[in-house]
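To start, the structure under review is shown below, and the notes come after it.
Sequential numbering from 1 along the given sequence is applied to the chain's residues. Below, each value reflects all heavy atoms present in this structure, side chains not excepted, and no hydrogens, waters or symmetry copies. All values derive from a computational prediction rather than experimental measurement.
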Amino acid sequence: MTKDYGRPPRAEENRALIESRLAEVAAGAGVHETVTIDWRGRPTHLDVIEMSVGDLYYNPATHRIRAQRSHDSSRSDLLEQDPWSQGSQEYLDFLLKALPSDLSKVDPVFTGLAESLNEYKQTDPGLITRDGVLVNGNTRRAALLQIGGPGQGMRVAVLPESCSWADISDVELSLQLRKTHHREYSYVNRLLAIDELTKQGMPTSVIATTFRTTAAACEQDLWVLRCIESLVERSKAQGALLPIFAFEDKAEKLKELYRRYQKDITVDPEMAELVKEYRLAAITLDFSKTDVRLIEDDFQQRYLSKHLPEMLKEQDAGHESVAIPGLNRKVKGASNALASVRKLTDTALRAKAAEASDPVLRDPAAAEAAQAGEELRKAMEKALVPAGKDARIRKRKQAAPTRLLDACQDIDQCVTDLVMSRGSRSLDEESFDEAVLKLRKSLERLALETRRTVSVPGDGVDWLTAAFYSGS
């Protein structure tokens, strides 16, 4: 159900002013400006008037900055309790100007909008209620207020007198989703808008039509949002919480994760969860999409474990037990490998939450969480190097032969280096002798594993095994 934010303090004053200006427009001669919108399922023509931006209010229910509201919990609470106060309206003004993924910066799109309005003036009217609440044009109001102050004029169309907060929500979404040059919703705010319609009971097919997408894409968006909400909840520690808008710039990585998860879940649910958790940790730590793709279900076992500090290592054998409430019984839960990687993801999330918190208010526990996250990042960076090389090798489906050929190239280069060093007498003979002994040990292990692995040896395998096991 749509929340009712009530009426702003100057509602009656605005209503009288708006009514008088609408009457002036209706009584005027000639053609007057109108805007056509979808109003309760039918096209409706609305008259346009001019209002001072200082008389208008930002819409506290706007979908445009829904995710970013959690940036400052105290101001967000004030916005929820008293949306028309000066502090709440100033907070909305700040959020409308900020870059959705980094609120410490002004959005370049907003800067471009302000420059356009300053040079070319307003081309499209906004949309308000009879109380002076902006339904469409909140960002334009912020730009006009910055340009000309409270007395700056703004052209706005006026909604019918019976407009409710449910109508405001429907109209805003309808206008925003038109294919126009308007500033688009950020990724997470779009997900929240789809979720809101879903909770209102709107069928997925209708939501898809509203957002000009497909039902499958809506299902993907809802899965991603549930995933983000879970990550936000898991990040909670020492009073710090990762804001939901921290995932604004991770859209493509999360969509790709959804596709991989849906592919794996039908084959092996636990493998699907392992890959999902490993990749979520990497996504949280801002690794590139290419790096994220390198991570498979055996990432920790093959690459990561040797680089993890002791405090981040967990036993990964067996399954943990899960108690059934009320039955006094336990069943097999997730494997310890899955529990282990979930703890790594939690470490990454809490580290990012600590980094996002106010440094002045950050306690020692938050600083420790940030340090643990940095240790995990360094370990993953090191693990991704061999993982990347292995992925390239697997792509050619010749892992062992390719590595051996690489070693041959190195040995051939070593021969060239020996020839060159002979003329200048620059060879470190002791180091070279140690390297040859290490080569011998490596070849012995290679011969042993080759003997165990190759069932039909050829000439090369015969030579290798004979060189080290001729007497056996």
Side-chain angles (χ1 to χ4, degrees), residues 1-11 53-54 56-107 110 131-134 138-139 141-142 145-146 150 165 168-169 172 185-189 191-193 195-196 199 225 228-249 284 346 349-370 373:
M1 184 176 178
T2 305
K3 178 175 179 176
D4 187 338
Y5 285 91
R7 302 179 69 192
R10 297 201 314 272
V53 292
L56 303 177
Y57 291 89
Y58 292 122
N59 175 13
T62 179
H63 296 84
R64 183 172 297 286
I65 45 84
R66 184 73 57 83
Q68 285 69 29
R69 285 174 56 163
S70 61
H71 168 67
D72 186 326
S73 58
S74 60
R75 296 172 81 182
S76 178
D77 291 341
L78 176 63
L79 181 58
E80 197 68 18
Q81 296 164 10
D82 188 5
W84 313 114
S85 67
Q86 182 178 347
S88 294
Q89 290 288 302
E90 287 176 352
Y91 187 43
L92 288 170
D93 183 82
F94 162 73
L95 295 177
L96 287 163
K97 295 175 181 177
L99 184 67
S101 59
D102 185 354
L103 299 184
S104 65
K105 301 176 182 177
V106 176
D107 191 345
F110 174 81
D131 291 342
V133 179
L134 278 157
N138 285 274
T139 313
R141 189 238 183 189
L145 191 61
Q146 179 176 287
W165 281 101
I168 290 173
S169 178
E172 186 202 359
Y185 288 160
S186 67
Y187 177 61
V188 175
N189 284 313
L191 299 183
L192 290 170
D195 184 53
E196 179 182 326
K199 289 177 178 176
L225 180 61
I228 291 175
E229 290 173 338
S230 172
L231 295 177
V232 169
E233 182 63 26
R234 289 166 62 182
S235 73
K236 191 183 300 182
Q238 293 86 39
L241 184 71
L242 189 63
I244 194 170
F245 61 81
F247 297 90
E248 287 283 11
D249 58 352
T284 301
D346 290 346
L349 290 166
R350 290 167 184 168
K352 295 298 286 187
E355 290 173 13
S357 63
D358 188 340
V360 178
L361 303 176
R362 192 176 298 168
D363 60 19
E368 185 179 331

inquiry  = For S235, is there any backbone N or O sitting under 3.5 Å from a side-chain donor or acceptor partner on R350?
reply    = no

key: Interatomic distance, H71 atom NE2 to L95 atom CG [nearest 0.5 angstrom]   = 7.5 Å

task = Starting at CZ of R7, measure out to CG of D131 and round the result to the nearest 0.5 Å.
result = 4.0 Å

key: From CA spacing to verdict: salt bridge (charged side-chain N to carboxylate O under 4.0 Å, His left out), K199, E196   = CA-CA 5 Å; K199 289 177 178 176; E196 179 182 326; over 6 Å; no

ask   = Got a donor-acceptor contact below 3.5 angstrom from the Q89 side chain to the W84 backbone?
value = no

Gap separating the CD1 atom of I244 from the CD atom of E233, nearest 0.5 angstrom = 11.5 Å

Heavy-atom closest pair, residues A353 and L241 = CB-C, 3.8 Å

query = Can you find a pair of side-chain heavy atoms, one from Y58 and one from L96, that are under 4.5 Å apart?
reply = yes

key: Side-chain donor or acceptor of S73 paired with backbone N/O of S70 under 3.5 Å   = no

task = Assess whether side chain to side chain contact (heavy atoms under 4.5 Å, CB included) is satisfied between L103 and F94, documenting all intermediate values.
result = CA-CA 9 Å; L103 299 184; F94 162 73; 4.2 Å; yes

query = Under 3.5 Å, is there a donor-acceptor pair between the side chain of N189 and the main chain of R64?
reply = yes

ask   = Is there a donor-acceptor pair closer than 3.5 Å between any side-chain N or O of N138 and the backbone N or O of N59?
value = yes

query = Within the distance-only criterion (no hydrogens, no angle test), does the side chain of E248 pair as donor or acceptor with the backbone N or O of Y187 below 3.5 angstrom?
reply = yes

query = With no hydrogens and no angle check, do the side chains of D93 and Q146 hold a donor and an acceptor under 3.5 Å apart?
reply = no

Note, L242 side chain near L231 side chain (heavy atom, < 4.5 Å) = no

query = Counting N and O atoms only, with roles assigned by atom type, does the side chain of Q68 sit under 3.5 Å from a partner on the main chain of F245, one being a donor and the other an acceptor?
reply = no

ask   = Ignoring hydrogens and geometry, is there a side-chain-to-backbone donor-acceptor pair from D107 to K97 under 3.5 Å?
value = no

message = Quick one, E229 and V232 - any side-chain contact, counting heavy atoms below 4.5 Å?
response = no

ask   = With a distance cut-off below 6.0 Å to the six-membered ring centre and an angular limit of 45° from the axis, does K3 pair with Y5 as a cation-pi contact?
value = yes

message = Can you pull out every salt bridge (charged side-chain N to carboxylate O under 4.0 Å, His left out) where at least one residue sits in residues 68-78? Sequence neighbours excluded, please.
response = R69-E80

key: Expected output: side-chain Y57 to main-chain R10 donor-acceptor under 3.5 Å   = yes

key: Residues S88 and S85: side-chain donor-acceptor under 3.5 angstrom   = yes

inquiry  = Quick one: does any side-chain atom of R141 pair with a main-chain N or O of L56 as donor and acceptor, under 3.5 Å?
reply    = yes

task = Please tell me if the side chains of Y91 and S74 come closer than 4.5 Å, counting only heavy atoms from C-beta onward.
result = no

